[in-house]
Each structure stands twice: as structure tokens, then as C-alpha cells.
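Computed from a predicted model, the values in this text were never measured in an experiment. All values below come from the heavy atoms of this structure, side chains included, with hydrogens, waters and symmetry mates left out. For reference, positions follow the sequence shown, starting with 1.
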Amino acid sequence: MSRGSSAGFDRSITIFSPEGRLYQVEYAFKAINQSGLTSIGVRGKDSACVITQRKIPDKLVDEETVTHLYRVTKHSGCVMTGMVADSDMQVQRARYEAAEYKYQYGYEMPPT
């Protein structure tokens with residue numbers, strides 16, 4: 001029972017294939033490319049601008065609920081492109097890290 005050319009090298013992100021490739025990283029890039037969305041971020045001296053496309057997957061979905069922009073803290077946010085479930089987990093992790101930083105140091109995480 002063969003799994004293609006990966007031959008079990010895609011089960012962990014720290015294992016290289018004989019060709020020297022990390023399959024998990026390639027799978028992540030493939031998920032982003034298959035989403036068909038483009039996101040752009042520009043940072044200025046004291047501001048930032050993030051733009052992303054919004055595709056509505058179905059006519060029955062309320063278009064106001066579809067977003068790829070997330071608020072992490074009161075003064076920081078992020079844009080995610082790719083699988084929505086992966087995005088939700090990454091945003092949850094970022095919020096946890098920001099809350100842990102504020103708890104440990106007593107002030108908001110600086111946006112640098």
C-alpha cells in the first residue's frame with residue numbers, strides 16, 4: 001500500500017525526504033495557493049494597511065460573515081489566507097500568546 005512518492009516522509013515536519021524536501025511545508029503552500037485568494041499588507045512608519053479578497057462560497061451564506069481579517073488584540077490584528085479552520089486555530093493561538101504576554105509583563109504586546 002504505497003502513499004505515492006512521499007513514502008512516509010510527510011508524517012512529521014522535521015523529517016526530510018531523500019530529495020531534501022519538507023512535505024508538510026509544501027502541503028501548507030499548496031493549501032494557500034488552492035484558496036485562490038490574494039492578501040496584501042503594507043506597513044508605514046506609524047500605520048499599516050491590509051487588503052484581502054473575499055469570496056462567498058455559497059449564495060445561502062451571509063456575505064457579512066465571511067472575512068479573513070481577524071482582531072488579535074485591541075491594537076493588533078492579522079489577515080489569514082488559506083484554510084479557514086487553520087486560520088481560526090492560528091488566530092486563537094495568537095490571541096493566547098498576546099494574553100499570556102499581557103499577564104506576564106503587565107502591558108500589551110508591542111506590535112513590532
Check your understanding: If you measure from CZ on R71 to CG on L69, what distance do you get to the nearest 0.5 Å?
Key ->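 Reported to 0.5 Å precision, the distance equals 11.5 Å.
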**Study point:** Contacts of Y101 that satisfy ring-ring contact (aromatic ring centres under 6.0 Å, His included) - sequence neighbours left out
**Key:**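 In terms of ring-ring contact (aromatic ring centres under 6.0 Å, His included), with neighbours along the sequence ignored, Y101 is linked to Y105, Y107.
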Point to revise | Residues D88, Y70; criterion side chain to side chain contact (heavy atoms under 4.5 Å, CB included); working and verdict | key: CA-CA 9 Å; D88 290 341; Y70 298 92; 3.3 Å; yes
Review point. Would you find more than 12 non-hydrogen atoms of other residues, nucleotides or ligands less than 6.0 Å from Q92 atom CD?
Key: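 Result for CD/Q92: open.
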Exercise for review: Determine, stepwise, if the pair Q90 / M80 fulfils side chain to side chain contact (heavy atoms under 4.5 Å, CB included).
Suggested key: CA-CA 9 Å; Q90 291 297 319; M80 294 288 196; 3.3 Å; yes
Shortest non-hydrogen contact between [X] and [Y], atoms and distance:
X	Y	value
E63	I56	CB-CD1, 3.5 Å
V72	R95	O-CG, 3.6 Å
T73	E108	CB-OE1, 3.8 Å

Practice item. Check whether any side-chain N or O of R54 sits under 3.5 Å from a backbone N or O of L37 as a donor-acceptor pair, and report yes or no. Key: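 Such a contact is absent between R54 side chain and L37 backbone.
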Review point. Within the distance-only criterion (no hydrogens, no angle test), does the side chain of T65 pair as donor or acceptor with the backbone N or O of D62 below 3.5 angstrom?
Key: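 Flag set: sc T65 to bb D62 pair under 3.5 Å.
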Practice item. Would you check if R93 and E97 make a side-chain contact, meaning some heavy-atom pair closer than 4.5 Å? Key: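 Yes; the side chains approach each other to less than 4.5 Å.
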Exercise for review: Flag the pair I40 / V50 as yes when at least one side-chain heavy-atom distance between them is below 4.5 Å, and no otherwise.
Suggested key: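 No, every pair of side-chain atoms sits at 4.5 Å or beyond.
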